[in-house]
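Everything on this sheet refers to the single structure shown next.
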Amino acid sequence: MSTHVSEEVREALHEGRPVVALESTLVAHGLPRPRNLAVARELEELVRAGGAVPATIAVVDGTARVGLDEAALIRIAEDPTVRKLGHRDLAPALATGATGATTVSATAWLADAAGVRVFATGGLGGVHRTWTETQDESADLRLLARVGTAVVCAGVKSILDVPATLQRLETLGVTVVGYGTEHFPGFYLSSSGEPVDWTLRTPEEVAAVMCAQDRLEGPRAALVVANPVPEAEQLDPALHDRVLADGLAAAKEKGITGQAVTPFLLEYLTVHTEGASLEANLAAIRGNVRLAARIARAYGTGIPGAGGAGGAGGGTEIREGTHDGAEARGTGGR
């Protein structure tokens, strides 16, 4: 694979310092210009403030880049021809010299290949509400069953079928934990109303689970760390439900189906909540990035205290604190 790991990220990985992967689709396609570039820079600074190295990921002129310099970040933010790349699109993009922003699936794939164990994003993709008719689900789900990355997110986008998505993640063997919550977050909302099986309350507890995954050496799968947006910063639930119902009806009336549904509904929410949904999205992402940096630091210290993982009843005791296998396994298990 034609991959370039920035010098800063490469040195951090070599020295065992914490690194946090960041997606670039938010920058290229998720925010209006010029705010998108300002947010991209802000998120990288939040990672640095948390004591970790940011690794924003994208494909530039046919090269997968793990860690972007300023020129590449500006290009991803400002070039209107930048494509949106899921992991299925990586090979054609590399072969044809394309430039594209990476979605959750492509970012997780490239982060895992580079040995970056922690990835912060907004919300995951999932099973669409029309699945029984369209069989439509995000590529994120299957990909998360193949990489050993901890993904800090605010749940899945609330426009999706949350119960079905959680069931699908269970079927695929992807571990889901709530961070400081017993309910799965609802992206714009602090809670989707769906319970989680495991609750963790500190970065050290999350890092302990990651270390336990390393020691088990079983089938590889991501660890989804579901971190709710603070209630004070969430979208008003009544407004969310009303606008989403209107948006779903509008999509049906316009005959919008398949991949076009998600961007239509997200834009509908932004417009009809007068930007409130966008602000809730950004609040969630900021919180996820801060938490991801803390988790990466805790994991990088070697052996976090393993005994306190919520609900684990003192679970697997971790006696050795290395994560030597992380980088070696990052390019395997395909």
Side-chain angles (χ1 to χ4, degrees), residues 21 23 25 84-90 102-109 111-112 119-179 181-200 206 209-210 213 216 218-229 240 244 247-248 251 256-266 281 284 288 311 333-334:
E23 63 158 294
T25 293
K84 184 176 182 180
L85 306 177
H87 74 278
R88 69 168 188 170
D89 304 303
L90 289 175
T102 51
T103 65
V104 167
S105 70
T107 304
W109 177 277
D112 184 65
F119 165 33
T121 186
L124 303 179
V127 177
H128 286 249
R129 293 174 182 240
T130 57
W131 188 90
T132 55
E133 302 169 12
T134 64
Q135 309 290 291
D136 190 6
E137 71 175 44
S138 171
D140 294 353
L141 303 184
R142 283 184 177 271
L143 191 282
L144 291 178
R146 302 173 64 188
V147 298
T149 310
V151 182
V152 184
C153 64
V156 300
K157 296 177 178 65
S158 56
I159 61 177
L160 302 171
D161 187 329
V162 177
T165 300
L166 287 170
Q167 181 61 56
R168 189 73 175 123
L169 287 169
E170 179 183 346
T171 299
L172 292 169
V174 177
T175 301
V176 177
V177 300
Y179 187 81
T181 180
E182 296 179 356
H183 291 88
F184 195 66
F187 191 46
Y188 300 121
L189 307 178
S190 296
S191 173
S192 67
E194 297 296 319
V196 292
D197 293 325
W198 298 94
T199 297
L200 305 178
V206 178
V209 174
M210 295 170 64
Q213 286 181 319
L216 283 169
R220 303 181 72 234
L223 171 66
V224 173
V225 182
N227 180 41
V229 62
H240 169 273
L244 178 56
L248 289 167
I256 296 172
T257 59
Q259 291 184 339
V261 173
T262 294
F264 173 82
L265 289 177
L266 293 178
N281 183 8
N288 295 340
R334 297 291 184 235

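Sequence positions, counted from 1, serve as the residue numbers for this chain.
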Nearest non-hydrogen partners of Gly247 and Phe264, listed with the distance: O-CE2, 3.6 Å

Within-4.5 Å side-chain heavy-atom neighbours: Asn281 and Phe187: yes

Closest contact, heavy atoms only, Glu23 versus Thr25: OE1-CB, 3.3 Å

Counting only N and O atoms by type, is there a donor-acceptor contact under 3.5 Å from the side chain of Thr103 to the main-chain atoms of Leu85? yes

Check whether Asp140 reaches the backbone of Gly125 with its side chain - one donor and one acceptor, N or O, closer than 3.5 Å. yes

4.5 Å side-chain heavy-atom contact, Val206 and Leu223: yes

Any idea which heavy atoms bring Ala106 and Gly86 closest together, and the distance? CB-C, 3.6 Å

Which atom names give the shortest non-hydrogen contact between Ala222 and Val151, and what distance separates them? CB-CG2, 4.4 Å

Checking the side chain of Thr121 only, and the main-chain atoms of Val104 only, is there a donor and an acceptor separated by less than 3.5 Å? no

In short, Val156 meets Phe184 closest at the heavy-atom pair N-CE2, 3.6 Å

Between atom OG1 of Thr165 and atom CG of Leu124, what is the distance when rounded to the nearest 0.5 Å? 9.0 Å

Rounded to the nearest 0.5 Å, what's the gap from CG on Leu169 to CZ on Arg142? Could you check? 12.0 Å

Nearest non-hydrogen partners of Val224 and Cys153, listed with the distance: CG1-SG, 3.7 Å

Any chance you could measure Asp197, atom CG, to Glu170, atom CD, to the nearest 0.5 Å? 7.0 Å

Whether the side chain of Ser192 engages the backbone of Glu194 through a donor-acceptor N/O pair (distance < 3.5 Å, no angle test) should be reported. yes

Using a strict cut-off of less than 4.0 Å between a Lys/Arg side-chain nitrogen and an Asp/Glu carboxylate oxygen, indicate whether Asp112 and Arg146 qualify as a salt bridge. no

Is a side-chain N or O of Ser105 found less than 3.5 angstrom from the main chain of His87, in a donor-acceptor match? yes

Any donor and acceptor pair, going by atom type alone, linking the side chain of Ser190 with main-chain N or O of Val229 inside 3.5 Å? yes

Heavy atoms, side chains only, cut-off 4.5 Å: are Val162 and Val127 in contact? no

Report yes if some heavy atom in the side chain of Glu182 is under 4.5 Å from a heavy atom in the side chain of Pro195; otherwise report no. no

